[in-house]
Amino acid sequence: MHAETDEVVRDKVAAAHRHGLVPVLCVGETAEDLEQHGASAVPVAQLRAALEGADVSKGLVVAYEPVWAIGSGQAATPEQAQQVAGALREVLREIAGDDLAAATRILYGGSVKAANIAAFMREPDVDGALVGGASLDLDEFSSIVRFKKHVGA
Ligand SMILES: O=C[C@H](O)COP(=O)(O)O
């Protein structure tokens, strides 16, 4: 969307760290990538490239945002989100070790709404959600935030 290369994203992560900020690093595949390479190959490659030379101990939030799911009304399935979030966690383990990998939040974003948030949050490697359009609707967003109450999870 912003024509950012992996190098630009890597430089933004480094700049955020240099200035004491915690970057929210969004990775995700296009519909074409999904068809050609499956769900996790492209996000995993993007994460590796963005973290080249980075010090994860300075703070990092990773968001898995499949491009085809953003604003489309067609969310990934919770199983797809878990598959990719698990693969991203594994990359974090390799790069930063078990403790930092476990402490790093991995979010899912892409057509999250009150009706599907609970299913994403049940997945072990999905630690939260990055909510776009639904955050503009007060009732919808407050229902997302309070999902435990309405699903009894
Ligand atoms: O910033 C938000 C994400 O790009 C997801 O947007 P969305 O929830 O409208 O699909």
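None of these values were measured; they are calculated from a predicted model. Heads up: numbering here begins at 1 and tracks the sequence. Atoms within each ligand, like the ligands themselves, are counted from 1 in listed order.
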Judged by atom type as modelled, is there a donor-acceptor pair below 3.5 Å linking the side chain of [X] to the main-chain atoms of [Y]?
| X | Y | result |
| --- | --- | --- |
| Asn116 | Lys113 | yes |
| Asp127 | Ile106 | yes |
| Glu140 | Ala114 | yes |

Donor-acceptor pairs under 3.5 Å, side chain of residues 91-102 to any protein atom, not counting sequence neighbours: which ones?
residue : atom : partner : partner atom : Å
Arg93   : NH1  : Glu90   : OE1          : 2.6
Glu94   : OE1  : Arg48   : NH1          : 2.9
Glu94   : OE1  : Arg48   : NH2          : 3.4

Check: residues 23-42 side-chain donor-acceptor pairs under 3.5 Å, at least two apart:
residue : atom : partner : partner atom : Å
Glu29   : OE1  : Tyr64   : OH           : 3.0
Glu29   : OE2  : Tyr64   : OH           : 3.0
Glu29   : OE2  : Trp68   : NE1          : 2.8
Thr30   : OG1  : Glu32   : N            : 3.4
Thr30   : OG1  : Asp33   : N            : 3.0
Thr30   : OG1  : Asp33   : OD2          : 3.1
Asp33   : OD2  : Thr30   : N            : 2.9

Practice prompt. Could you list all the salt bridge (charged side-chain N to carboxylate O under 4.0 Å, His left out) pairs where at least one residue sits in residues 56-83, not counting sequence neighbours?
Written response: none

Within the protein, flag every N or O under 3.5 Å from an N or O of ligand 1, and note the pair and distance.
residue  : atom   : partner : partner atom : Å
ligand 1 : 4 (O)  : Glu65   : OE1          : 3.0
ligand 1 : 8 (O)  : Gly132  : N            : 2.9
ligand 1 : 9 (O)  : Gly133  : N            : 2.7
ligand 1 : 10 (O) : Gly71   : N            : 2.6
ligand 1 : 10 (O) : Ser111  : N            : 2.8

